[in-house]
Protein chains: 2
Amino acid sequence: MATVKDVAKLAGVGSGTVSRYISGTGSVSRKSGEKIARAIEQLNYRPNSMARSLSSRRSDLIGVWVPSLEGPYYHMMIRTIESALRLQGKHMILANAEDAQSNEDRLAHLDYLINRDCDGILISSSLQSEFELARYAEKFSNLVVMNHHTDELAGRCFSIDHDLGGRLAARHLVELGHTRVATITGRLSALDARQRHVAFLDEMAKLGHPVVPERIVEGAFSYAGGEQAVAALLASSADYSAVFCGNDKVAMVLIAELHKRSISVPGDVSVIGYDDVEFTPYTAPALSTIHAPIEEMSQSACHQLLNLTYGLELPYQEHFEPSLSVRQSTGSCSLQLAQCPDGRMAV
Amino acid sequence: MATVKDVAKLAGVGSGTVSRYISGTGSVSRKSGEKIARAIEQLNYRPNSMARSLSSRRSDLIGVWVPSLEGPYYHMMIRTIESALRLQGKHMILANAEDAQSNEDRLAHLDYLINRDCDGILISSSLQSEFELARYAEKFSNLVVMNHHTDELAGRCFSIDHDLGGRLAARHLVELGHTRVATITGRLSALDARQRHVAFLDEMAKLGHPVVPERIVEGAFSYAGGEQAVAALLASSADYSAVFCGNDKVAMVLIAELHKRSISVPGDVSVIGYDDVEFTPYTAPALSTIHAPIEEMSQSACHQLLNLTYGLELPYQEHFEPSLSVRQSTGSCSLQLAQCPDGRMAV
DNA sequence: TCCAAAAGTGGGATCGGTTCCATTTTTGAA
DNA sequence: TTCAAAAATGGAACCGATCCCACTTTTGGA
């Protein structure tokens, strides 16, 4: 493989000139530039990225830490980030902490990124304990956090207004005439799950239809967690005409389970999700949900990280608002109270 | 940041000894080892990965090229690969070519990996044109290919027996009594889509129920492609009691569309998918499908790439067999021929 | 006790770029 | 035409590891 020196010799210039030509920093005369270009072509020269990184003290690597890669949510994030980084010639390295059992494990995943000398790190965190990781990472790299807000990291937190999201869901259901509403939350130790939930409850109460505890099930934002929570809700004696699910995965699981029991959606029970991930148009029925601008948020976070790290000036925005996305899984509560096939009151 | 020299000085040994101690190659006395360990601790030393890469001529980076990141299929792959690499202390860098418009674009995505000096490259390719990329990449790195088989790359191709998969689908439907069967394929220029399709047709014919052309729609393995193809099938005058979909995304779209038209699955029409991605248990009804061992295949490909690249001896397997996974979207064809709501014969 | 083989060691050369700096060349306003 | 400022240049020093090699120390069987 050819090196700068080979190129310099063939072009009849110094190695510094070649380096300047390639990186575009500093000035090179038209004549030298042409000679260098020809030499590069002729030798089929490609700069060695490790040597470049070593001497320039930048790896052009951005580390991305995610708590899980199950389901479409984080996938949409990764997809967006990969694309934004590629446009800037940077590379993403990924640490998926879903197999971590303890906080030490999660830290080890972070070290896996830090030890690689990332120029910047992007953490998607919704647990307080995970957020501690941000403090740690900050010592080593430029840092940006998604799904979490704190004043300590002002200007480097990117989040969606889950309070508003929870309220939009409540308003939508109440507008449709639902008064007996159940909810399956995410794990309430997670900030985003809690925010959605608290706002939802608050708004329901404000609208005159407080959600009674029997209609609240704490679940988790995973398929397995959703299954458990759905089973718990359906096994309970609670009656309701609509269910607000903490995310779309759980809503999907719920719809599947209701279908299995021949409970019609939205005829018997309305279901609303949260996030508006990839698959929401294709559940049966198509899922009404709170649209969270995941991709926009991811892109913004990525842009700002690039700005901080490489002095770019890419556009970004820290705060995003969700919106209501009505499809077919919610309908008006016009039917009479009726007995469910399994003996519970569900309509 | 401390360097090997600092550590060596503090420990009172030579830099070579420190290097040997850290990498675990070569021998270091117990006494020196302890001194070095103490010095590392004290200085909070972390080896610089760029310097290490430059001098050892290995980046510990594995490039992964995928044609798309829409839907769960490639995500399951990425997730598996990230995990397998992390276990070996390697890092994945990703190039998603779904925004590529031309072959030059796809090549540019590959160069994005190659220019980063990956030690190895993993290509998931099902188009012949994409496979040409493998030839190119092979010049620069160790290479392994998924979803494609060719004798030229013997021992480095990992694939699932789509011929068998197509046949399993056909047998399942025929066993349930379906004789008028429709199919929505993937883009037939893709090898995997074509193999599934051809085998399916062949097996249906062998079983005495050849699929007539009116019941065949060429689609694509994307949500949008699925929507178009589903619309085309439902708009046609074809009648059928079951549909074989080339992958699960298309099957999901079909179920959603049938639900919209109040056509019952599997009451009126049975639907079977292909791949058995993450969401298949949670469609309504749960999707019967051909289980493709995506994760096992991805892990094997990854293992073999690691073996080739770093001289490891991780277990792997080149060929995988799919299996039938029966859930609730397929049922026996016991009902009488009946008129569909929209005037077509569908049962 | 002796001595060949094995284990352990220090440090310089090297990987292939970038960056700095002293020097030369070019530019364009007076 | 003149000359200060700006542009362009070559090459050495450096980034921080690995690896090789010549040399010293330890080991253990006879």
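Taking the six-membered ring where the residue is Trp, His149(A) and His319(A) present perpendicular rings, their angle passing 60° and hence far from 30°.
For the pair Asp60(B) CG and dT18(D) P, the interatomic distance rounds to 11 Å; values are reported in whole Å. Separating the CG atom of Asn48(B) from the C1' atom of dC14(D) is a distance of 13 Å, rounded to the nearest angstrom. One can place CE of Met1(B) at 21 Å from P of dC14(D), the figure rounded to the nearest angstrom. Atoms CZ (Arg58(B)) and P (dG16(D)) sit 22 Å apart, rounded to a whole Å. For the pair Arg30(B) CZ and dT25(D) P, the interatomic distance rounds to 21 Å; values are reported in whole Å.
Side-chain atoms of Arg57(A) and base atoms of dG16(D) include no donor and acceptor less than 3.5 Å apart.
Between Arg116(A) and Ser53(B), some side-chain heavy-atom pair lies under the 4.5 Å cut-off. Looking at heavy atoms from C-beta onward, Glu82(A) lies out of side-chain contact with Arg79(A) at the 4.5 angstrom threshold. Considering only heavy atoms from C-beta on, Asn142(B) stays 4.5 Å or farther from Ile121(B) through its side chain.
Residue Val28(A) is in sugar-phosphate contact alone, with no base atom involved, counting any heavy-atom pair closer than 4.0 Å across all strands shown. In this structure, Ser32(A) reaches the sugar-phosphate backbone alone: every heavy-atom distance under 4.0 Å involves primed, P, OP1 or OP2 atoms, never a base. Ser49(B) comes within 4.0 angstrom of nothing in the nucleic acid, heavy atoms only. As judged by a 4.0 angstrom heavy-atom cut-off over every strand, Ser29(B) is placed among residues touching the sugar-phosphate backbone only.
Neither OP1 nor OP2 of dA17(D) sits under 4.0 Å from any side-chain N or O of Ser53(B). For Tyr45(B) and dA17(D), the shortest distance from a side-chain N or O to OP1 or OP2 is below 4.0 Å.
Ion pairing of Asp99(A) with Arg86(B) is present here, as a side-chain N (NZ or NE/NH1/NH2) and a carboxylate O approach within less than 4.0 Å.
When the nearest nucleotides of DNA chain C are assigned to Gly12(B) and Ser55(B) by heavy-atom distance, the more 5′-ward of the two goes with Gly12(B). Nearer the 5' end of DNA chain D, as judged by each residue's closest nucleotide, is the contact made by Leu54(B), out of Leu54(B) and Arg20(B). Remark on DNA chain C: of its neighbouring residues Lys31(A) and Lys5(A), the 5'-side contact belongs to Lys5(A), judged by nearest-heavy-atom nucleotide.
Shown here is Arg187(B), whose CZ atom has no more than 12 heavy atoms of other residues, nucleotides or ligands within 6.0 Å.
Ring to ring, His91(A) and Tyr112(B) are close: their centroids are under 6.0 angstrom apart.
Bounding nucleotides for the chain B contact on DNA chain C, 5' to 3', at a heavy-atom distance below 4.0 Å, are dA7(C) to dG16(C).
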